[in-house]
Amino acid sequence: MPEQNPFTPTFGAAPPLMVGRDDVIERVLAALRHGPRHPDYTLLLTGRRGTGKTALLDAIEAAARSQGWLSVSATASAPEFSSQLRHELGALAEDLQRDPKTRLASAQALGLGVSWAKDPANPRPPLVELSLRRLLTGITETLTQSAAGAGLLITLDEFHAAEVDGARELAAAIQHVTRREQRPIALVMAALPEVTDTILADMGMTFFHRCARGEIGLLSHDATRTALQVPIGRAGGSIDESALDLATRSSGGYPFMVQLVGDHGWESCADGAKHLAIDDMQEGVYEADQALTDMLLMPLWSALSPTDRDVLRHIAANDGPIEVAALASALGKSPSYINTYRRRLLQAGAVTTPDRGMLDVRDPAMRRWLGGLRPIADLDH
Ligand SMILES: Nc1ncnc2c1ncn2[C@@H]1O[C@H](COP(=O)(O)OP(=O)(O)OP(=O)(O)O)[C@@H](O)[C@H]1O
Ligand SMILES: [Mg+2]
């Protein structure tokens with residue numbers, strides 16, 4: 001008997017199978033092995049909504065813990081994130097000091113991670129009130145005495161929403177402990193691309209500008225196929241080749257949509273043995289499109305100006321990527337006029353540049369939506 005629907009169309013949920021991110025995870029592990037001089041020891045990952053940043057930070061933490069590292073995770077959009085981080089580090093430091101050997105051994109055996117962000121309503125009490133810098137120094141002293149090669153990984157999600165004061169405090173601490181004193185405290189952050197206009201635009205954020213960068217983008221065709229096919233198989237179901245093809249193409253490699261398409265395809269299949277056929281997947285894609293439209297495409301559309309929308313409609317009306325020059329002549333405008341809107345649409349996450357001089361809609365779902373799911377006239381309200 002097939003099991004439950006394996007897909008996870010929820011932000012922040014670990015996917016049933018994490019695909020296409022081995023490179024980034026390996027990049028971090030290589031940095032941890034190499035030490036604080038490695039550029040990726042302080043890393044800022046950017047990707048738009050639903051590309052899998054939170055899921056990836058969790059996977060990076062798990063990988064680090066499997067190498068004997070301790071980890072602390074925080075969410076920068078939470079109020080006063082740096083004092084919350086201090087409290088957690090304080091608790092960890094006190095535990096380590098009380099009994100470093102046993103504590104570290106059991107922490108490593110358990111794959112311990114510390115996270116207050118996942119339960120913000122119930123943060124651990126402030127056991128020690130020290131500066132971030134003092135705490136980090138103290139933790140690394142205990143660590144280097146008791147476990148060679150181990151360190152502490154800090155992951156920080158939603159960095160684009162960080163308060164400036166907290167970000168400055170964290171920067172000063174890591175700058176001192178990791179960069180200057182070469183202690184094993186690694187930092188991996190995740191943010192929306194707009195981080196360049198928010199926290200990074202602030203004066204005095206040089207530390208973060210110097211962090212290595214990584215882009216969390218779309219999944220390849222093959223990775224997407226695997227992300228759909230393997231969880232279905234593991235849950236005791238199966239999927240026809242044509243249905244799998246449709247699901248893969250329709251999701252466009254966008255991780256959130258991969259989960260939506262998988263989820264709705266599975267639910268649309270009435271067959272008790274969960275053999276997903278093309279009809280089930282057609283229904284599934286339709287449902288997934290509706291869900292994505294309500295959650296992401298409509299809000300994106302509402303934020304666009306009338307001219308942005310006009311340009312986007314023309315891009316979507318093409319079967320695939322369109323040349324900027326062809327777009328300009330279709331709209332009867334100059335290429336420099338188009339360039340302004342190209343920038344705005346890129347910034348909004350509505351389009352991509354698959355090749356130089358080319359533009360395409362970001363999501364195939366956007367093309368399907370603009371192409372007729374609802375009459376265009378309705379969209380301007
Ligand atoms: N590598 C992956 N393979 C398959 N599915 C994934 C992958 N990464 C994330 N997902 C799925 O995509 C969805 C979005 O993931 P996640 O919440 O981590 O994105 P995010 O980038 O953190 O989004 P936001 O910017 O809104 O915080 C979730 O349903 C998750 O299970
Ligand atoms: Mg997230």
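For ligands, and for the atoms within them, numbers begin at 1 and follow the listed sequence. Computed from a prediction, not measured in an experiment: that's the story for all the values here.
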- [ ] Would you mind checking if Arg133 and Glu169 are paired as a salt bridge, meaning a charged N to carboxylate O distance below 4.0 Å?
- [x] no
Less than 3.5 Å apart, which donor and acceptor atoms pair up between the side chains of residues 41-50 and the rest of the protein, not counting sequence neighbours?
unit_1	atom_1	unit_2	atom_2	d
Thr42	OG1	Arg179	NH2	3.0
Arg48	NH2	Asp363	OD1	2.9

Open item on the list: Closer than 2.8 Å to the Mg ion (ligand 2): how many protein N, O or S atoms are there?
Closed with: 1
- [ ] Go through the side-chain N and O atoms of Arg65 and Ser71 and say whether any donor and acceptor fall under 3.5 Å apart.
- [x] yes
Open item on the list: Do Gln259 and Pro16 have side chains that approach each other closer than 4.5 Å (heavy atoms only, starting at C-beta)?
Closed with: yes
Open item on the list: In terms of relative ring orientation, are Phe11 and Phe256 parallel, tilted or perpendicular, with 30° and 60° separating the classes?
Closed with: parallel
- [ ] With heavy atoms of Thr8 as the reference, note each atom of ligand 1 found under 4.0 Å away.
- [x] 28 (C), 29 (O), 31 (O)
Task: Side-chain donor-acceptor contact under 3.5 Å, Ser238 with His275 - done: yes
TODO: Any atoms of ligand 1 less than 4.0 Å from a non-hydrogen atom of Arg21? List them with their elements.
DONE: 1 (N)
Open item on the list: Is a donor from one side chain sitting under 3.5 angstrom from an acceptor on the other, for Thr75 and Asp157?
Closed with: no
TODO: Quick one: look up the protein heavy atom nearest atom 10 (N) of ligand 1 and list residue, atom name and how far away it is.
DONE: Pro255 CB, 3.7 Å
TODO: Return the residue, atom name and 0.1 Å-rounded distance of the protein heavy atom closest to atom 17 (O) of ligand 1.
DONE: Gly12 N, 2.5 Å
TODO: Report yes or no: does a heavy atom of Val19 sit under 4.0 Å from some atom of ligand 1?
DONE: yes
TODO: Specify the protein heavy atom at minimum distance from atom 16 (P) of ligand 1: its residue, its atom name, and the distance to 0.1 Å.
DONE: Gly52 CA, 3.6 Å
TODO: Please confirm whether Gly20 comes under 4.0 Å of ligand 1, counting heavy atoms of the residue only.
DONE: no
- [ ] Within a distance under 4.0 Å of any heavy atom of Phe256, pick out the atoms of ligand 1 and give their elements.
- [x] 12 (O), 13 (C)
TODO: Could you label the plane-to-plane angle of the Tyr337 and Tyr341 rings as parallel, tilted or perpendicular, counting under 30° as parallel and over 60° as perpendicular?
DONE: tilted
TODO: Would you mind checking which non-hydrogen protein atom is closest to atom 20 (P) of ligand 1, with the distance to 0.1 Å?
DONE: Lys53 N, 3.4 Å
Open item on the list: With a 4.0 Å cut-off on heavy atoms, is Gly47 in contact with ligand 1?
Closed with: no
- [ ] Provide the number and element of each atom of ligand 1 under 4.0 Å from a heavy atom of Leu192.
- [x] 25 (O)
Open item on the list: For Asp319, is there an ion pair with Arg367 - N to carboxylate O distance below 4.0 angstrom?
Closed with: no
Task: Residue, atom name and distance, where the atom is the protein heavy atom closest to atom 30 (C) of ligand 1 - done: Ala13 O, 3.2 Å
Open item on the list: Between ligand 1 and Pro9, is the shortest N or O to N or O distance under 3.5 Å?
Closed with: no
- [ ] Consider ligand 1: state whether an atom of it lies below 4.0 angstrom from any non-hydrogen atom of Leu56.
- [x] no
Open item on the list: I need the nearest protein heavy-atom contact for atom 18 (O) of ligand 1: residue, atom name and distance, please.
Closed with: Ala55 N, 2.9 Å
TODO: May I ask you to identify the nearest protein heavy atom to atom 28 (C) of ligand 1, giving residue, atom name and distance to one decimal place in Å?
DONE: Thr10 O, 3.3 Å
Task: Side chain, backbone, both or neither: the part of Gln259 lying under 4.0 Å from ligand 1 by heavy atom - done: side chain
- [ ] Could you check atom 26 (O) of ligand 1 against the protein and tell me its nearest heavy-atom contact, residue, atom and distance included?
- [x] Arg49 NE, 2.9 Å
